[in-house]
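Beneath this line is the structure, given in structure tokens, with notes to follow.
Computed from a predicted structure; not experimentally measured. Residues take their numbers from the sequence shown, with the count starting at 1.
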Amino acid sequence: LDTKIYGFWRPLPFLGDKVKMIRHVLTPTVSFSGAPDFSSSFFGYYGTYDYTDRQGNVQHRKYSMFPNAIFGVPGQGRSGIVSVSLANNLEMKVKSNNDSIGEKKVSLIENLSLSQSYNFAADSLNWSNINTSILLRLTKQFNLNLSATWDVYTYQLNSSGNPVRVNIPRWKAGKGIGRLSSTGTSFSYTFNNDTFKKKDKKNVKDNKNANDTDDDQGFGAPPGATGRGGRDGHDHDDDLKLDADGYVPWEVPWSLSVNYSVNYSYGNFNRKKMEYDGRITQNLSLSGNIRPTKNWEFSASCSYNFDLKKIAYMNLNISRDLHCFTMRASVIPVGPYKSYNFHISVKSSLLQDLKYDKRSSYSNGV
């Protein structure tokens, strides 16, 4: 069962006329799921047997009569779960001179959701953890997505001295509704040649039309601009690209990817507070490549360990196209997997055995 509730708020006049309207969409959902105890003798899926353990006690066990069934084995225990979730969306309509209708929508909160369930059939720990998530569209290329889980029960020590979850909700113990048990997010972005370029769509379109006209009529372009004939009258490679003035542009394709992730979870158990201490783990990784010429390519990747405060892994690669041959070399200079590898071989599959490899080993090292 779900529905949508819309709320609108028009800013007051003294706040300015830039913001025309703010809309809030609330989507509550209630669902129910239930299943009987298929391990009951009434259904005939499970059998029972008794045995005597090492201490001489008689134990009663259930077993499935269809352990290798195609569609699996029915579950044990009853379940009657009611789940409630609440989703929110917040948008703002503002004036815009760049749009044909004079206004545009701006997402403030793309999605903010909260959900929890209650199992009526369970004999204890009926409440589930509270799950929350939020999605923010910060830019066209970057979104922030964050999920979190909140623990709603308390902990005590069992007879062995180990922490166990007990059937005492946190709100009954005066510790609030829930405690953050896990969350995390990651950020990634890729930089390349086009990242810092400002393209003029009109000029690009005009240049494209001009190039099409030159190719069709065969005049108007500088000698050698088509890539089929040079200034000396000789044919050149078809993949040779020339600019509007007939010169070969110097381009070095490159890319750099940055990825950062941070996570929070339970760490060690604090026996004084009877709570788990929080633990934060972070990871930063970089990877990139560059082609200074058509036949040379360099690439590298590395990751940084914030707990050890040092580089955990690094890999360097270089490759060279030798026309009929290909050459590759890679090095791992740091970490427990230090090694190097050199390879050169013929491109033709008919001569695939004509190659030379040199690898590091424990005997010669790096």
Would you say that more than 12 heavy atoms from the other residues, nucleotides or ligands in this model lie under 6.0 Å from the [atom1] of [X], or not?
X: Lys347; atom1: NZ; result: yes
X: Asp53; atom1: CG; result: yes
X: Phe42; atom1: CZ; result: no
X: His60; atom1: NE2; result: yes
X: Lys175; atom1: NZ; result: yes
X: Ile177; atom1: CD1; result: no
X: Asp277; atom1: CG; result: yes

salt_bridge([X], [Y]) N-O dist < 4.0 Å:
X: Asp151; Y: Arg165; value: yes
X: Arg328; Y: Glu297; value: no
X: Lys294; Y: Asp321; value: no

If we only count heavy atoms from C-beta on, is the [X] to [Y] side-chain gap below 4.5 Å?
X: Lys104; Y: Lys93; result: no
X: Ile130; Y: Ser115; result: no
X: Phe325; Y: Arg320; result: no
X: Ser303; Y: Asn283; result: yes
X: Leu144; Y: Thr185; result: yes
X: Asn193; Y: Pro253; result: yes
X: Met327; Y: His343; result: no

Just how far is it from atom [atom1] of [X] to atom [atom2] of [Y], taken to the nearest 0.5 Å?
X: Glu110; Y: Glu91; atom1: CD; atom2: CD; value: 6.5 Å
X: Ser133; Y: Leu146; atom1: OG; atom2: CG; value: 8.5 Å
X: Ser113; Y: Asn89; atom1: OG; atom2: CG; value: 11.5 Å
X: Ser360; Y: Tyr337; atom1: OG; atom2: OH; value: 14.0 Å
X: Met314; Y: Ser285; atom1: CE; atom2: OG; value: 12.5 Å
X: Phe38; Y: Arg78; atom1: CZ; atom2: CZ; value: 13.0 Å

Are the side chain of [X] and the backbone of [Y] linked by a donor-acceptor contact shorter than 3.5 Å?
X: Ser160; Y: Asn162; value: no
X: Tyr260; Y: Gln282; value: no
X: Ser124; Y: Asn167; value: no
X: Lys105; Y: Met92; value: no
X: Asn119; Y: Gly80; value: yes
X: Ser128; Y: Ser117; value: yes
X: Asn305; Y: Lys309; value: no
X: Thr154; Y: Ile168; value: yes
X: Arg271; Y: Gly161; value: yes
X: Asn88; Y: Leu26; value: no

Aromatic contact, Phe306 with Tyr304 (centres under 6.0 Å):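 Ring centroids of Phe306 and Tyr304 are less than 6.0 Å from each other.
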Please find out if less than 6.0 Å separates the ring center of Phe191 from that of Tyr189.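 Yes - the distance between ring centres of Phe191 and Tyr189 falls below the 6.0 Å cut-off.
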After noting the C-alpha distance and the side-chain angles of Ile344 and Leu322, does the key distance pass the side-chain contact (heavy atoms from CB on, under 4.5 Å) rule? CA-CA 10 Å; Ile344 184 170; Leu322 301 173; 4.0 Å; yes
In one Ile/Leu/Val/Met/Phe/Trp/Tyr side-chain cluster, 4.5 Å: [X], [Y]:
X: Ile109; Y: Leu138; value: yes
X: Val82; Y: Val152; value: yes
X: Leu90; Y: Ile5; value: no
X: Val58; Y: Tyr49; value: no
X: Leu136; Y: Leu114; value: yes

Closest contact, heavy atoms only, [X] versus [Y]:
X: Asn111; Y: Ala87; result: OD1-CB, 3.9 Å
X: Arg179; Y: Tyr266; result: NH1-CE2, 3.0 Å
X: Pro36; Y: Phe43; result: CG-CZ, 3.9 Å
X: Ile332; Y: Asn315; result: CG1-OD1, 3.9 Å
X: Phe66; Y: Gly44; result: CE1-O, 4.0 Å
X: Leu125; Y: Val166; result: CD2-O, 3.5 Å

Do you see a donor-acceptor pair shorter than 3.5 Å between the side chains of Thr190 and Ser257?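 A pair is found: one side chain offers a donor N or O, the other an acceptor, under 3.5 Å apart.
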Are side-chain N/O atoms of Ser40 and Asp37 paired as donor and acceptor at under 3.5 Å?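 There is no such pair between these side chains.
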Which residue, Tyr153, Tyr155, Tyr264, forms the ring-ring contact (aromatic ring centres under 6.0 Å, His included) with Tyr276?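 Among Tyr153, Tyr155, Tyr264, the one meeting ring-ring contact (aromatic ring centres under 6.0 Å, His included) with Tyr276 is Tyr155.
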Does the side chain to side chain donor-acceptor pair (under 3.5 Å) test come out yes or no for Thr48 and Lys62, once each step is laid out? CA-CA 4 Å; Thr48 59; Lys62 290 183 179 180; over 6 Å; no
Using the six-membered ring wherever Trp is involved, compare the ring planes of Phe120 and Tyr118 and label them parallel, tilted or perpendicular (cut-offs 30° and 60°).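 Judged by the thresholds at 30° and 60°, the geometry between Phe120 and Tyr118 is perpendicular.
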Going by side chain to side chain donor-acceptor pair (under 3.5 Å), Trp150 matches just one of Asn131, Thr132, Thr183. Which one?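 It is Thr132; the other options fail the test.
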Does the side-chain contact (heavy atoms from CB on, under 4.5 Å) test come out yes or no for Trp9 and Met21, once each step is laid out? CA-CA 6 Å; Trp9 181 70; Met21 187 73 70; 5.8 Å; no
Given Glu275 and Asn270, is the side chain to side chain donor-acceptor pair (under 3.5 Å) satisfied, shown in steps? CA-CA 5 Å; Glu275 297 279 4; Asn270 192 328; over 6 Å; no
